[in-house]
Amino acid sequence: MKIIKHYLNGQDHDGGDRTSDIFNPATGEVISKVQLGDKKVVNEAIDISLKALESWSKTTPAKRASIMFNYKKLIEDNANTIAELVSKEHGKTIEDAKGSLQRGLEVVEYACGIPNLLKGEFSSQVGTGIDTFSMKQPLGICVGITPFNFPVMIPLWMFPLATACGNAFILKPSERDPSSTLKLVELYEQAGAPKGLVNVVNGDKEVVDALIENKNISSISFVGSSKVASYIYEKSATYNKRVQALGSAKNHMVIMPDADVEQASDALIGAAFGSAGERCMAISVAVAVGNVADDLIKSITPKINQIKVGPYNDKLSEMGPIVSKQALDRIKSLISSGVDDGADLLVDGRDIKLQGYENGYFIGPCLFDNVKTNMSIYKEEIFGPVLSIVRADNYDQALKLVKENPYGNGCSIFTRDGDTARDFSNEANIGMIGVNIPIPVPVAYYSFGGWKNSIFGGHNAYGMEAIRFYTKVKTVTSKWPQGIRQGAEFKMPTLG
Ligand code: NAD
């Protein structure tokens, strides 16, 4: 059985007494084990990172950019291998894995422009003979803790930009699917990043706690569930770390009576059931306004019934299995609670059987109608292929639902009316909004982040937000002697 180790200083590294099983979710088989690190491995990683940081923080941004250009090419050349590693351990289809890699690659492309992104400000003559300039300097060692559902895209939101800013980086990937993440780090070194600049420590809470508690760590970037995000946020604050912690979601799509129903139902199919609903930007609630619900159901039900569920290596598969048995059981129990609570289960994917994959963690797409806000299927993030239709009498009721939901990652509106769309964009208290776009994940030169319980901390991921997060601002006020010595001054300087 393959044992996946940590990756420190450019090589595999043993550490920790515990391991965790990694499964092929399509078959339920254990395919490898990953070592779970401890405080000792964390300390080793930090010593290596400190050493790498000494010279890396002094490299020119142009040199870092040239490595990033090589990295972009290497990722493109290895896209099939990386996607296969994602799919094998996560279960999502190869095409979906490739799509997520492409979205991560966009951030690498953005990091290629790092000399421009790190430019400071300059003001001449802020006082007589006095100039002021500011510069962005690296923080030190930055840490990334990432979730299972995007094992390449989310690490690529983090370490390319952090290191382009001059930092060293320690990555703690999800213990469920670390292989593709490890491959990304190997490729970064092949592209020219020095060994030890990005180190990977595998593990769970023990590693995360040891990283946050260590005085040599400057920042924590976390993406995962809100429960853990809020824990990371509080603990990081206790240890005086800069922290960004992105959490869970319950994304609504509002379908207005004037929307193109076919277009809306096509959009919903991909947004609710793509990647088996295991996306933080998946749409899990369709808010059908006025009389649109019946038409929507008529349009979407046959499309749902045609979704091909299967293992990632079946070219026809459109939706793979759930990541783990535990997650599958939780999804099924939430579906049962929805039925018990009185919602109408119009499409029930629970009993799907795939020949040859009887032990896989498969579930077919599910559709609920008449879901109410007090039901668990509405209140909880299901993180599976379950779409709930909530009926609203009018736009105001639909907007109220969006506003009162405790999560605020993404949402969208389907309408032909510009006034309604504009009002929704302004009024919804949500971080990422789509107008006739179901999954409004921003491009790399904007930034990604929700509002409310979907984020803890003040910075979004990637874009200029990440450059600000991964750097400290230093402001220098300078004056050169002009031959006249003025002697000491004891009053508050006013730069007149
Ligand atoms: P998770 O919170 O269980 O795990 C995320 C990371 O935290 C993993 O690396 C894990 O090892 C670590 N971890 C788990 N429990 C911990 C603990 N008690 N203390 C310290 N560290 C701990 O999340 P997951 O199941 O891997 O991912 C799914 C969740 O992530 C969903 O809620 C989804 O909405 C969310 N997510 C959010 C975004 C976003 O951008 N907002 C993106 C992707 C996923």
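Each ligand, and each atom within it, is numbered from 1 in the order the structure gives. Along the sequence shown, the residues carry numbers beginning at 1.
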Next on the checklist: Please list, in number order, the atoms of ligand 1 under 4.0 Å from a heavy atom of Asn149.
Outcome noted: 43 (C), 44 (C)
Checklist entry - What atoms of ligand 1 come within less than 4.0 Å of a heavy atom belonging to Asn409? => result 41 (N)
Among [options], closest by any non-hydrogen atom to [atom]:
| atom | options | answer |
| --- | --- | --- |
| atom 34 (O) of ligand 1 | Glu278, Met281, Met432, Glu381 | Glu381 |
| atom 41 (N) of ligand 1 | Gly247, Ser454, Gly144 | Gly247 |
| atom 17 (C) of ligand 1 | Val228, Ile212, Leu211 | Val228 |

For ligand 1, is there an N or O atom under 3.5 Å from any N or O atom of [X]?
| X | answer |
| --- | --- |
| Gly224 | yes |
| Lys172 | yes |
| Pro147 | no |

Checklist entry - Quick one: which of Asp17, Asp14, Thr19 gives a side chain to side chain donor-acceptor pair (under 3.5 Å) with Gln35? => result Asp14
Checklist entry - Under 4.0 Å from atom 4 (O) of ligand 1, is there any protein heavy atom? => result no
Checklist entry - ring pair (Phe, Tyr, Trp, His ring centres under 6.0 Å) with Phe469: which residues, sequence neighbours excluded? => result His459
Item to check | Salt-bridge contact Asp314-Lys308 (side-chain N to carboxylate O under 4.0 Å) | outcome: yes
Next on the checklist: Could you check whether Lys372 pairs with Asp341 (Lys NZ or Arg NE/NH1/NH2 to Asp/Glu carboxylate O, under 4.0 Å)?
Outcome noted: no
Checklist outcome for this item: By side-chain contact (heavy atoms from CB on, under 4.5 Å), Ser447 pairs with (sequence neighbours left out) Asn460, Glu465
Checklist entry - Is Ile154 in contact with ligand 1, taking contact as a heavy-atom separation below 4.0 Å? => result yes
Item to check | Sub-4.0 Å heavy-atom approach of Gly450 to ligand 1 | outcome: no
Would [X] and [Y] count as a close aromatic pair, with their ring centres under 6.0 Å?
| X | Y | value |
| --- | --- | --- |
| Tyr110 | Tyr445 | no |
| His90 | Phe148 | yes |
| His252 | Tyr378 | yes |

Next on the checklist: Has Lys195 got a side-chain atom pairing as donor or acceptor with Glu189's backbone, closer than 3.5 angstrom?
Outcome noted: no
To check your reading of the model: name the closest protein heavy atom to [atom], its residue, and the distance in Å.
| atom | result |
| --- | --- |
| atom 19 (N) of ligand 1 | Lys205 CG, 3.4 Å |
| atom 7 (O) of ligand 1 | Phe222 CE1, 3.3 Å |
| atom 21 (N) of ligand 1 | Val208 CG2, 3.5 Å |

